[in-house]
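Everything numeric in this text was worked out from a predicted model, so none of it was measured. When reading the values below, keep in mind they use all heavy atoms of this one structure, side chains included, and skip hydrogens, waters and symmetry mates. Each chain gets a letter, A, B and so on, in the order its sequence line appears, and its residues count up from 1.
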Amino acid sequence: MIHSLFLINSSGDIFLEKHWKSVVSRSVCDYFFEAQERATEAENVPPVIPTPHHYLLNVYRHKIFFVAVIQTEVPPLFVIEFLHRVVDTFQDYFGVCSEPVIKDNVVVVYEVLEEMLDNGFPLATESNILKELIKPPTILRTVVNTITGSTNVGDQLPTGQLSVVPWRRTGVKYTNNEAYFDVIEEIDAIIDKSGSTITAEIQGVIDACVKLTGMPDLTLSFMNPRLLDDVSFHPCVRFKRWESERILSFIPPDGNFRLLSYHVSAQNLVAIPVYVKHNISFRDSSSLGRFEITVGPKQTMGKTIEGVTVTSQMPKGVLNMSLTPSQGTHTFDPVTKMLSWDVGKINPQKLPSLKGTMSLQAGASKPDENPTINLQFKIQQLAISGLKVNRLDMYGEKYKPFKGIKYMTKAGKFQVRT
Amino acid sequence: MSSNSFSYNEQSGGGEAAELGQEATSTISPSGAFGLFSSDLKKNEDLKQMLESNKDSAKLDAMKRIVGMIAKGKNASELFPAVVKNVASKNIEIKKLVYVYLVRYAEEQQDLALLSISTFQRALKDPNQLIRASALRVLSSIRVPIIVPIMMLAIKEASADLSPYVRKNAAHAIQKLYSLDPEQKEMLIEVIEKLLKDKSTLVAGSVVMAFEEVCPDRIDLIHKNYRKLCNLLVDVEEWGQVVIIHMLTRYARTQFVSPWKEGDELEDNEKNFYESDDDQKEKTDKRKKPYTMDPDHRLLIRNTKPLLQSRNAAVVMAVAQLYWHISPKSEAGIISKSLVRLLRSNREVQYIVLQNIATMSIQRKGMFEPYLKSFYVRSTDPTMIKTLKLEILTNLANEANISTLLREFQTYVKSQDKQFAAATIQTIGRCATNILEVTDTCLNGLVCLLSNRDEIVVAESVVVIKKLLQMQPAQHGEIIKHMAKLLDSITVPVARASILWLIGENCERVPKIAPDVLRKMAKSFTSEDDLVKLQILNLGAKLYLTNSKQTKLLTQYILNLGKYDQNYDIRDRTRFIRQLIVPNEKSGALSKYAKKIFLAQKPAPLLESPFKDRDHFQLGTLSHTLNVKATGYLELSNWPEVAPDPSVRNVEVIELAKEWTPAGKAKQENSAKKFYSESEEEEDSSDSSSDSESESGSESGEQGQSGEEGDSSEDSSEDSSSEQDSESGRDSGQENKRTAKRNSKAKGKSDSEDGEKENEKSKTSDSSSAESSSIEDSSSDSESESESESESESRRVTKEKEKKTKQDRTPVAKDVSLLDLDDFNPVSTPVALPPPALSPSLMADLEGLNLSTSSSVISERKALHPKLGKK
């Protein structure tokens with residue numbers, strides 16, 4: 001399956017290579033560089049690149065290309081999904097996944113990669129198991145190791161690997177037993193020029209942070225499970241219980257994990273919490289254009305909208321913009337033509353607005369299209385779909401855990417066409 | 001060092017000649033940079049010292065630095081002797097890092113690597129399963145051909161290990177050994193066969209992977225494990241699930257009959273399946289028997305469904321392709337929701353999923369129509385995602401949604417991403433041709449785009465308009481005039497060429513403009529692009545033929561210019577046209593038909609999806625993504641006309657682990673197989689219980705399994721010896737039973753027995769026609785017959801072998817019939833049949849079959865006849 005892995009940074013240096021079978025020369029990456037050059041932008045590099053003897057499958061994350069070399073037919077998603085899992089694991093181990101961090105921890109990275117694949121086939125990809133095999137570096141452990149000479153490598157096979165709950169490590173102990181669940185919903189929407197919704201849907205996830213002693217068995221039930229149209233589970237969730245009772249029943253992994261992602265059925269009308277009033281006009285004759293946008297709350301169920309940022313890719317003809325925001329700060333990058341306005345909180349009494357003029361390239365014709373406005377925002381303590389967790393019960397352990405549930409609504413891919 | 005690198009290159013050869021050069025340069029480059037390296041020498045010297053020190057911490061430091069070098073791709077091979085000494089280190093981290101080093105360099109330093117082997121051999125016996133497993137991993141990863149026998153031994157031992165983790169590693173080692181020495185295939189298949197029986201969820205994925213790599217064609221190994229795999233699937237780790245699902249998809253396509261109704265099947269191949277529905281009905285009428293799904297087929301479909309909810313995109317995709325390829329079409333709908341969900345994922349996942357949806361949406365629009373809006377393009381999508389989404393939107397367009405879509409397309413046309421805008425225009429063109437109601441609307445819209453400021457947009461519009469006009473040539477004089485005017489402003493060659501071609505084709509509809517255009521073009525001929533020049537020549541020729549009075553001189557002028565053009569294509573074309581249109585004494589018969597040649601009715605181009613031809617690849621595969629057959633791609637077979645014997649999947653209550661047989665004993669193995677298959681019919685009822693057991697077995701963990709295995713290994717030794725004896729004894733008894741059964745159970749399971757009977761029959765009867773009429777008294781029986789006839793190659797081979805084993809027990813005279821079987825010629829020369837070693841009642845039965853004929857059977861046979869001929 002996966003023959004080799006090359007990590008390439010944005011400037012085109014191969015800073016890590018790992019081979020699971022015979023060594024594949026790094027010159028194979030030349031084909032990748034060619035494709036990269038053709039694509040001009042990093043995100044346009046095709047994920048699958050055929051070369052005379054190999055196939056290069058890559059993912060691009062954290063400004064690093066993870067290029068897997070394969071030789072024979074394999075489901076491409078298999079490799080891609082695995083590469084993403086590698087990135088997630090690095091993030092889990094080191095907090096961030098970046099070139100300097102990987103370089104600093106190259107030995108751990110190598111050991112982890114060695115455990116993740118055997119002969120190119122995934123061996124251990126659950127972070128709970130990996131962490132037992134190879135302990136993530138912490139400052140304390142590094143100090144202890146240098147003094148006592150002990151190592152980061154576990155010498156016993158993690159029992160999880162063999163048990164029916166391979167995702168949970170055994171012998172977990174906490175003094176404070178806590179289980180937190182975050183229900184996070186994202187609104188994907190396209191709003192047209194006149195302010196009407198072209199498409200809007202809600203995608204949600206439940207992220208959990210579970211720190212419970214022993215082998216707890218949890219059940220989580222919803223007030224209105226019907227809302228959930230399409231769901232995907234962490235492997236720990238018992239599918240049959242969900243099918244029959246619409247209850248999430250699971251033995252959780254230790255630590256942070258994504259319990260569930262869901263899609264709210266399309267039949268439900270999506271409440272759009274914000275509106276954008278815009279007036280962007282280019283005139284044919286003059287080299288000045290008018291620019292004015294206002295953001296206001298729409299259906300927010302009485303909650304405040306925070307963390308609002310507006311970004312927009314201006315047409316190439318725009319040379320510069322002189323704008324004044326009523327609140328927040330704004331920047332315009334004359335090279336990439338990217339306008340971004342950090343609004344902050346929306347105060348319904350005094351709506352934030354950004355007004356001013358754009359200077360256009362003299363003589364150039366006016367751009368065909370007005371720029372699209374991308375919106376980011378957050379609403380705390382609200383799940384826009386109305387999803388509510390009913391209760392969380394724990395079986396199998398005696399203690400009483402501390403339970404917490406948090407709701408949040410965010411903008412996903414939220415675009416306003418102008 | 002250089003010699004080492006050389007030997008490495010030789011090994012890695014084998015059809016990689018092109019890359020050999022590259023590899024050579026890369027391996028040599030570090031040594032080529034030897035000058036630079038020598039300054040490093042001191043540093044390496046100090047690494048050596050550290051490795052030789054007594055302190056673990058120093059060794060560890062050194063190893064860490066060395067691993068760092070490997071990671072950066074620097075050459076650390078000269079440290080091999082120093083490193084390999086530490087392979088037996090007590091410190092587990094040092095050990096692990098030494099393993100990392102060994103796996104990387106052992107191939108280059110084979111002799112030295114041998115020093116480490118004994119350590120691994122010792123570790124293979126370690127009480128700690130982690131150490132056993134990792135020893136096996138490294139031992140099988142170092143790729144030193146000399147140790148193949150040692151590896152083989154280790155794999156065999158590990159495959160019987162008590163720890164499923166070690167067995168999993170054994171499964172991985174199989175593939176490694178196979179790639180190192182393909183000659184071990186037979187032995188490895190034995191190990192695979194054994195491991196396939198393993199009930200641990202941990203092993204299942206890995207062994208199926210090994211199966212796919214080593215012997216994907218030995219589908220017969222799966223039969224017995226099919227139900228177990230289906231039942232274990234949910235509990236297997238994600239990666240194993242993907243591999244198993246792909247394998248089972250292939251399996252299902254060979255073992256079950258098509259669940260698709262005849263009408264649907266056509267949908268796959270032909271666009272207009274509605275029309276051809278009628279002929280199809282006739283066929284369905286001929287096939288009276290209603291379709292019932294094999295319970296095993298259903299089992300697979302049912303057990304994979306929950307996996308659509310997996311968080312792993314690869315698993316979801318694997319299930320989706322399984323549903324696409326093997327489920328009834330009415331049920332495949334459930335996958336669309338899950339696939340659309342994956343579109344929220346990373347760009348790379350989106351890319352692959354969209355490609356697959358594009359292929360699906362061509363064939364079955366309805367599946368994704370409800371999700372139309374999920375494919376709307378966002379300005380932040382990367383271009384490749386945008387074009388794929390556009391592709392899907394086009395496929396989904398129909399009368400009902402086209403107006404919404406066109407409005408959406410309008411926004412896209414204005415996009416700042418011009419490449420995408422151009423693709424949108426192409427899309428509009430395709431919609432216009434597919435949906436006749438909107439052709440005019442689209443055409444008008446495109447004409448409006450002709451006044452767009454962006455040249456790429458205009459050029460693309462021209463090209464598309466050209467194609468559209470070609471489809472309905474009449475009544476568009478106005479548009480052509482409009483486009484003729486564009487010639488003054490537009491500079492993109494393709495667009496100019498398109499306009500000229502259009503005017504040439506319609507020169508009789510625009511009699512005033514055409515000569516004028518030619519005049520202008522004659523003036524600018526020399527500065528035009530080659531593509532445009534060719535079209536000018538064409539236009540000239542066409543006008544010369546229709547309107548020679550006005551254009552004769554102009555055309556001749558152009559032909560003269562063309563004659564001295566730099567491009568030989570143009571010179572060539574000029575000569576050709578001159579000969580054809582200008583009458584002279586030499587001109588042949590062709591010039592009479594010049595007008596017909598130039599102004600022939602040209603068929604309109606078909607605007608087709610680029611995903612049109614991808615459906616012959618299995619969805620979700622690399623080959624599908626690239627639209628090229630990738631190395632190692634396994635073709636998905638067509639449904640068999642008639643299902644092979646379903647009873648091969650029946651499993652016995654107590655699985656007897658098979659004894660290790662040396663390579664030569666394949667025959668014996670086969671006899672064992674026969675032994676199972678014969679006793680199956682009685683096991684039917686008990687089989688469900690064995691399934692449930694396999695589930696509980698996976699959970700009960702090591703203890704239970706170890707007990708079981710201990711038993712079985714003891715048993716098996718007796719087993720292999722006793723099998724044969726017991727067989728013959730049982731056989732006769734069973735056959736008696738079966739003859740009774742056959743009559744009551746009209747649908748005789750076409751066991752190997754049956755097949756043989758038929759063949760014997762064919763010998764008693766004098767001709768092949770007699771054979772064909774000799775068959776059965778009821779239509780359902782004829783099915784069992786055809787089953788045995790039309791079985792796939794592989795099955796036939798096993799059957800043959802089975803026959804051979806049977807041969808051992810039957811009288812010598814039967815040799816003759818065996819030879820005939822090998823030929824597989826149904827028209828066998830009459831051979832005096834020796835008294836077969838079958839019970840008399842069976843013989844009577846056979847004779848009874850021989851006499852009876854029925855007309856319905858004959859018609860059935862006819863349908864099958866082509867198949868028979870192939871043999």
Among A:Pro50, A:Pro122, A:Gly412, residue most engaged with chain B (heavy-atom pairs, under 4.5 Å): A:Pro122
What part of B:Glu212 gets closer than 4.5 Å to chain A, counting heavy atoms only: side chain, backbone, both or neither? neither
Apply the test side chain to side chain contact (heavy atoms under 4.5 Å, CB included) to residues A:Glu81 and B:Met317: give CA-CA distance (whole Å), side-chain angles for both, the deciding distance (0.1 Å), then the verdict. CA-CA 11 Å; A:Glu81 184 77 24; B:Met317 191 66 231; over 6 Å; no
If you measure from CZ on A:Phe239 to CG on B:Leu308, what distance do you get to the nearest 0.5 Å? 8.0 Å
Pick one of side chain, backbone, both or neither for A:Phe82, based on which atoms fall under 4.5 Å of a heavy atom in chain B. both
If you count heavy-atom pairs under 4.5 Å with chain B, which of A:Glu41, A:Lys21, A:His19 comes out on top? A:Lys21
Minimum-distance pair of heavy atoms, taken over all atoms of A:Tyr60 and B:Glu348: N-OE2, 2.9 Å
A:Phe121/B:Trp239 aromatic ring centres below 6.0 Å: no
Where does B:Tyr633 contact chain A at under 4.5 Å (heavy atoms): side chain, backbone, both or neither? both
With side chains defined as the heavy atoms from C-beta onward, is the minimum distance between A:Ile198 and B:Tyr376 less than 4.5 Å? yes
Are A:Glu43 and B:Thr383 side-chain neighbours, meaning at least one heavy-atom pair lies under 4.5 Å? no
Counting only non-hydrogen atoms closer than 4.5 Å, does B:Gln241 touch chain A with its backbone (N, CA, C, O), its side chain (CB onward), both, or neither? neither
Is there a side-chain contact between A:Ser261 and B:Arg341 (heavy atoms, below 4.5 Å)? no
Give the member of A:Val45, A:Leu16, A:Asn44 that has the highest number of heavy-atom pairs under 4.5 Å with chain B. A:Asn44
With a 4.5 angstrom heavy-atom cut-off, could you sort out which part of B:Met384 is near chain A: side chain, backbone, both or neither? both
Working for side chain to side chain contact (heavy atoms under 4.5 Å, CB included), residues B:Val316 and A:Leu77: CA-CA 10 Å; B:Val316 177; A:Leu77 275 184; over 6 Å; no
Side-chain touch A:Asp229/B:Lys337, heavy atoms, less than 4.5 angstrom: yes
At a 4.5 Å cut-off on heavy atoms, which part of B:Ser179 comes close to chain A: side chain, backbone, both, or neither? neither
So do A:Phe257 and B:Arg311 actually touch side chain to side chain, heavy atoms under 4.5 Å? no
A:Glu17 to B:Ile70 - nearest heavy-atom pair and separation: CG-O, 4.0 Å
List the atom of B:Glu107, the atom of A:Ser22, and the distance in Å for their closest heavy-atom pair. OE2-OG, 3.3 Å
With only heavy atoms counted, which part of B:His246 is less than 4.5 Å from chain A, the side chain, the backbone, both or neither? side chain
Exam field: side chain A:Glu73 to backbone B:Ser623, donor-acceptor pair closer than 3.5 Å: yes
Below 4.5 Å, heavy-atom pairs only: which of A:Val106, A:Asp192, A:Leu113, A:Ile80 has the largest tally toward chain B? A:Ile80
Residue pair B:Thr631, A:Gln71: steps toward the side chain to side chain contact (heavy atoms under 4.5 Å, CB included) verdict: CA-CA 7 Å; B:Thr631 334; A:Gln71 240 173 354; over 6 Å; no
With chain A, which of B:Asn346, B:Val349, B:Val242, B:Val100 has the greatest number of heavy-atom pairs at distances under 4.5 Å? B:Asn346
Would you please test A:Arg85 and B:Glu238 for side chain to side chain contact (heavy atoms under 4.5 Å, CB included) and show each step? CA-CA 12 Å; A:Arg85 204 61 69 82; B:Glu238 313 158 84; 3.0 Å; yes
Residues A:Asp118, B:Arg137: salt bridge by 4.0 Å N-O rule: yes
So for B:Val166, is it side chain, backbone, both, or neither that comes closer than 4.5 Å to the heavy atoms of chain A? neither
A:Ile190 side chain near B:Lys373 side chain, heavy-atom distance below 4.5 Å: no
What pair of heavy atoms forms the shortest contact from B:Lys72 to A:Phe15, and how long is it? CG-O, 4.3 Å
Non-hydrogen side-chain atoms of B:Leu622 and A:Val79 separated by less than 4.5 Å: no
A:Glu201 and B:Arg344 ion-paired at < 4.0 Å: no
Between chain B and each of A:Asp188, A:Ile14, A:Val109, count heavy-atom pairs under 4.5 Å; write down the option with the most. A:Asp188
B:Thr380 and A:Gln415: side chain donor to acceptor below 3.5 Å: yes
Looking at B:Pro370, B:Gly240, B:Ala630, which makes the most heavy-atom pairs under 4.5 Å with chain A? B:Ala630
In terms of heavy-atom contacts, does NZ of A:Lys18 have more than 12 from other residues, nucleotides or ligands at under 6.0 Å? yes
If you take all heavy atoms of A:Pro76 and B:Gly620, which pair is closest and at what distance? CD-O, 3.2 Å
Flag side-chain contact, heavy atom, 4.5 Å: A:Tyr55 against B:Leu626: yes
Name the region of B:Arg104, side chain, backbone, both or neither, that has any atom closer than 4.5 Å to a heavy atom of chain A. both
Tightest non-hydrogen contact, residues B:Gly73 and A:Arg26, listed as CA-NH2, 3.5 Å
In terms of side-chain heavy atoms, does B:Ser379 have a donor or acceptor partner in A:Gln313 at a distance below 3.5 Å? no
